[in-house]
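Just below is one structure, and these are the notes that go with it.
This structure is a prediction, so every number in the text was calculated from the model and none was measured.
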Amino acid sequence: MCKLRLMMVFIRAYSNRSCNALSVATTRCSLLKGYLDSRKNQKCQKYSTNTGILPKNCKVAICGGGVMGASVAYHLAQLGWGPQTIVIEQDKVANICFVPRLGGGENSFSSDLVGVFKPTLSQVRLCQSSVKLYQELESQGFQTGWKQCGSLCIARSRDRMIVFQRMKSQSVSWGIKCEIIDPQKAKELCPLIRIDDIKGALWIPEDGVADSYKICLSLLEAAKQKGVVVLENCKLLEVVCDNGKVVAIDTSMGSVDCDYYVNCGGFWARKIGQRSNPSVKIPLHPVEHYYLRTNPIPNLDSQTPVVRDQDGSIYFRELNGCILAGGFELEAKPAFENAKCPDTSAGRQLLADWDHFHVLLEQLLHRVPSLANASLDSLVNIAETFTPDCKWIVGQAPEIANYYVAAGMKTVGISAAGGVGQGVAQTIVNGYSQYDLYELEMSRFLGLHNNRRFLRDRVREVPGRHYSIQYPNNEFKTGRNLRMSPIYPKLKEAGAVFEQVMGYERPTWFEPELSKDHLHTYTNTRKFTMAKTNTFGKPDWFDIVEAEYEACRENVSLLDYSSFTKLDIQSKGREVVDLLQYLCSNDVDVPVGSIIHTGMQNVRGGYENDCSLIRLSENHYMMIAPTIQQTRCKIWIQRHLPSDNSVSLTDVTSMFTAICLMGPFTRHLLSEMTETDLSPKSFPFFTYKELDVGLANGIRALNLTHTGELGYVLYIPNEFALHVYNSLIQAGKKYNLKHAGCYAMKALRVEKFYAFWGQDLDTSTTPLECGRSWRVKFDKGMNFIGRDALLRQQEEGIKRLYVQLLLNDHDPDTELWSWGGEPIFRDKKYVGATTSTSYGFTFKKQVCLGFVQNLDSHGNALPLTNEYVLSGEYEVEIAGTRYPAKVNINSPNLPTKYPDKERESYFATRDKMVSEPLLRNN
């Protein structure tokens with residue numbers, strides 16, 4: 001009854017106090033809308049003559065005067081580009097909206113929490129840089145509102161405590177001070193909270209809060225002192241492009257030539273992205289987001305920590321003697337579903353839906369019982385934008401060169417602003433950043449991710465992922481059954497359990513009984529099922545994946561590789577060969593029919609792409625790359641194409657269905673379906689042939705599997721896919737053919753020590769660091785991107801090395817598993833972290849891949865050798881428990897019932913300089 005009375009008091013208080021304010025805001029919004037409409041009706045042309053206020057030209061034009069735009073401007077100024085940078089803001093920087101803010105300054109909406117723990121190391125580094133920046137600004141006399149009060153994260157469940165224990169282990173790698181504490185210690189740190197239902201907590205003492213309004217003004221002031229021009233009440237009309245590159249912006253104050261443009265439009269970033277030709281797709285959608293503020297509470301400690309009760313989906317902090325609270329409900333409400341987003345910040349304020357907020361309010365009252373005696377100052381409902389994958393958007397737009405975006409900060413922009421601004425500025429000035437931002441780049445998306453209906457459905461579940469337990473291989477539930485191969489219905493009938501990558505549904509494993517039914521009776525009783533691993537220990541799918549693994553190694557299995565990126569690159573003359581020789585570190589001028597595995601390096605030698613190239617004819621290649629590279633690698637190649645259009649690049653990902661046949665009996669099976677000689681002499685390992693299979697023709701067959709196992713990948717024109725699939729299933733019955741999913745594939749490649757881009761390799765990893773120096777051909781007769789950096793690294797020595805670790809004294813049935821990101825110790829000293837992990841079904845133990853370093857007493861990396869790596873005693877820490885591990889630096893030779901010369905002669909990860917493919921000239 002007390003809680004119910006309190007809710008009624010809150011509702012009455014909010015209704016009585018907000019009516020007039022809302023009316024005033026509405027009136028002011030209407031006046032401003034009329035003004036903007038009148039401006040819109042005026043005839044505005046490119047390069048308009050109204051240039052009295054704007055400079056005629058600049059290097060960088062930033063759209064958005066909020067904290068993100070201010071940070072980019074500040075860091076450009078620090079790099080010496082201040083006099084060549086302008087910031088335009090459609091409103092006044094100090095008057096971004098018309099209603100009182102919840103934080104310390106005026107006219108903004110933010111909880112202003114600054115927490116450094118984020119899902120990945122790259123995001124952590126950005127947040128750590130932000131904290132460092134705010135502290136530096138304070139020391140220079142600028143106001144930031146920075147207060148180091150610490151964060152207290154509490155756990156109601158065992159699994160939440162496991163999450164905290166894993167975070168505590170990761171903190172060694174990430175340089176974050178934190179401590180696992182018991183409930184009583186949590187109560188001492190924050191006497192407000194109820195602790196009778198919690199298992200423990202994670203204390204992060206160096207977290208804090210700040211004031212985004214003060215930070216914004218301070219950054220802009222510091223930027224202006226170094227020459228940056230800030231223009232208020234200046235609305236962007238168009239980003240002008242020429243030959244796919246930014247050349248100018250047109251604004252309500254006139255036009256200005258520029259070399260670079262940065263979209264820091266925040267809530268309006270997606271809409272701003274449409275003001276160019278071509279438009280830039282920025283997948284953001286607003287949802288309702290709530291902030292509750294009490295009136296002052298007597299004797300409330302100003303150093304009260306930020307408390308996050310993720311199991312209750314809530315947080316709260318102290319603010320000027322009051323409590324400011326909010327949360328991330330499991331199902332959010334999309335805002336502005338009619339696509340008519342407001343033009344001003346005032347329009348972002350929505351009426352509070354107390355029925356919707358009730359879930360969070362109950363949890364707040366449960367965790368802080370004394371709030372029942374507090375009086376409400378305000379409950380504000382603000383529309384905030386979220387991305388479809390719950391990550392920020394940072395980097396260059398795929399559609400337009402020199403068009404950058406820093407948006408999608410999903411309510412925690414202040415945590416990221418300092419690092420993101422620095423990263424964007426460094427990339428513009430230097431061509432690259434000290435941060436590895438590939439996971440945040442816009443090239444991780446396809447056009448489908450910007451579909452408004454897709455975004456509307458997806459953002460219902462995105463905010464809740466902030467606080468929900470992120471189990472391994474966590475899947476989104478919305479936006480499913482979108483991209484599917486032609487054999488998808490058959491796979492579903494066969495018992496496939498699906499994951500989604502780049503919108504593509506692909507099998508993770510197959511339920512055996514349903515798979516058996518399908519193979520023998522073709523029943524259609526299977527509904528769509530999504531993969532889930534709701535544990536940090538041994539998963540329910542373990543036995544199923546083990547059986548699929550065995551079929552891949554010792555019999556015959558069928559896997560769907562259709563989601564892999566597929567590009568055709570060709571020319572009339574040798575232009576395509578010259579292009580690929582420049583882009584690739586390996587020698588791609590190989591005999592027709594050969595397959596070459598190569599990296600595409602950046603100027604620092606890091607991997608922009610890791611792919612297989614098939615030479616179909618003298619001047620025609622097919623490229624196979626990871627699924628997540630579909631946009632990224634295509635844009636990388638496009639930006640290096642000859643200007644005379646002599647080389648054509650075609651994305652054929654959706655034109656082919658890819659079926660992998662894996663196992664020692666695949667040659668026998670496939671030979672029954674084609675008249676082509678498949679003997680090793682005629683069709684050796686790492687080569688290509690065009691085959692007829694069944695009644696179908698034009699099938700591109702590759703003698704490899706991307707796992708080190710025997711088999712073929714068949715790239716089948718989509719119109720033949722069902723026929724070929726059915727024919728393989730029918731012919732495979734006598735071989736006891738079994739379907740297999742990508743979990744079995746991962747187990748195979750981790751045991752064989754195969755690195756995958758996006759999991760092990762990234763834009764900062766070089767071939768010399770991951771046992772692939774033999775794939776770098778320095779003497780191939782022409783320069784390639786990254787050659788100088790790799791030669792320099794070869795001379796100076798590498799400072800980290802890719803290793804395989806086999807865990808000992810670990811019981812997979814009862815103990816927690818490694819899932820990636822665990823710290824690695826050598827002789828009791830931290831040396832690195834794991835990347836990919838899996839259970840090794842042949843080794844019968846956990847297998848971890850990762851990088852190790854030789855760190856001095858100050859944490860600086862020193863050159864290391866194979867001898868150093870092999871001489872130490874290793875441990876891997878899983879949620880606070882260390883397990884001894886055996887280290888490998890070369891791919892192992894796994895025992896098998898069917899030894900094979902081809903399989904045993906190929907090692908993906910090794911340190912010897914040998915030719916590849918090994919058998920292509922046999």
Side-chain angles (χ1 to χ4, degrees), residues 36 39-40 44 46-48 51 53-55 57-77 81-82 84-97 216 219-220 223-224 228-241 245-282 284 341-345 348 385 392-397 399-409 413 417 420-421 423-425 427-428 442:
L36 292 176
R39 293 291 319 207
K40 195 178 297 181
C44 295
K46 296 177 185 176
Y47 305 108
S48 58
T51 57
I53 299 177
L54 286 174
N57 54 66
C58 66
K59 278 188 174 291
V60 186
I62 301 169
C63 180
V67 68
M68 196 59 63
S71 180
V72 174
Y74 170 84
H75 284 99
L76 284 169
W81 281 31
Q84 297 142 325
T85 300
I86 67 169
V87 178
I88 64 170
E89 166 56 48
Q90 68 174 351
D91 206 331
K92 284 187 174 293
V93 171
N95 190 30
I96 297 173
C97 55
C216 180
L219 288 172
L220 287 177
K224 286 193 289 185
V228 173
V229 174
V230 180
L231 295 158
E232 300 176 314
N233 298 317
C234 182
K235 183 177 180 180
L236 178 79
L237 302 178
E238 183 177 8
V239 179
V240 185
C241 306
K245 187 176 181 179
V246 170
V247 296
I249 60 169
D250 197 26
T251 78
S252 57
M253 290 183 176
S255 299
V256 57
D257 294 348
C258 60
D259 298 325
Y260 300 89
Y261 169 79
V262 189
N263 182 343
C264 297
F267 179 84
W268 297 273
R270 184 175 188 268
K271 186 176 182 179
I272 292 170
Q274 298 167 359
R275 295 176 183 169
S276 61
N277 186 18
S279 63
V280 172
K281 300 179 180 66
I282 304 174
L284 294 168
C341 288
D343 290 326
T344 67
S345 294
R348 291 174 54 193
T385 54
W392 308 323
I393 298 177
V394 182
Q396 190 169 193
E399 298 89 348
I400 303 172
N402 293 353
Y403 185 124
Y404 287 82
V405 178
M409 298 300 144
V420 169
V424 171
T427 305
I428 290 173
M442 293 176 62

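- Of the possible polar contacts, one joining the Asn402 side chain to the Asp259 backbone as a donor-acceptor pair under 3.5 Å is found.
- Here the straight-line distance linking atom CD1 of Ile249 with atom CZ of Arg275 works out to 12.0 Å at 0.5 Å rounding.
- A donor-acceptor pair under 3.5 Å is formed between the side chain of Ser71 and the backbone N or O of Ala417.
- Closest of all the heavy-atom pairs between Val420 and Met68 is CG1-SD, 3.6 Å.
- Here the straight-line distance linking atom CE of Met409 with atom CG of Leu284 works out to 9.5 Å at 0.5 Å rounding.
- Under a 3.5 Å cut-off, the side chain of Glu89 and the backbone N or O of Asp91 do form a donor-acceptor pair.
- Cys234 and Ile88 make their closest contact through SG-CG2, 3.8 Å (heavy atoms, listed as atom of the first residue, atom of the second, distance).
- Using modelled atom types, no side-chain atom of Trp81 and backbone atom of Ala73 make a donor-acceptor pair closer than 3.5 Å.
- Shortest non-hydrogen contact noted between Cys216 and Gly65 is SG-O, 3.1 Å.
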Output, in order, the C-alpha distance, side-chain angles, deciding distance and verdict of side-chain contact (heavy atoms from CB on, under 4.5 Å) for Val72 and Val60. CA-CA 10 Å; Val72 174; Val60 186; 5.6 Å; no
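- Panel note: side chain Ser252, backbone Lys235; a donor-acceptor pair is recorded below 3.5 Å.
- Rounding to the nearest 0.5 Å gives a distance of 5.5 Å between CH2 of Trp268 and CZ of Arg348.
- The side-chain heavy atoms of Cys341 and Phe267, taken from C-beta on, include a pair separated by under 4.5 Å.
- Remark: His75 NE2 to Thr427 OG1 distance equals 12.0 Å, nearest 0.5 Å.
- Distance check, rounded to the nearest 0.5 Å: CG of Leu76 to CD1 of Ile428 gives 5.0 Å.
- Counting all heavy atoms, side chain and backbone alike, Ile282 lies closest to Gly273 at CD1-CA, 4.1 Å.
- Counting only distance, with no hydrogens or angles, the side chain of Asn263 and the backbone of Ala269 share a donor-acceptor pair below 3.5 Å.
- Note that the OG1 atom of Thr385 and the CD1 atom of Ile393 stand 8.5 Å from one another [nearest 0.5 Å].
- The main-chain N or O of Asp343 is found under 3.5 Å from a side-chain atom of Gln90 such that the two form a donor-acceptor pair.
- Nearest heavy-atom pair, Cys264 versus Ile62, reported as atom, atom and distance to 0.1 Å: SG-CG2, 4.0 Å.
- Contact record, Asn233 with Met253: O-CE, 3.5 Å, taken as the closest heavy-atom pair.
- Using a 4.5 Å heavy-atom threshold, the side chains of Pro278 and Ile400 count as touching.
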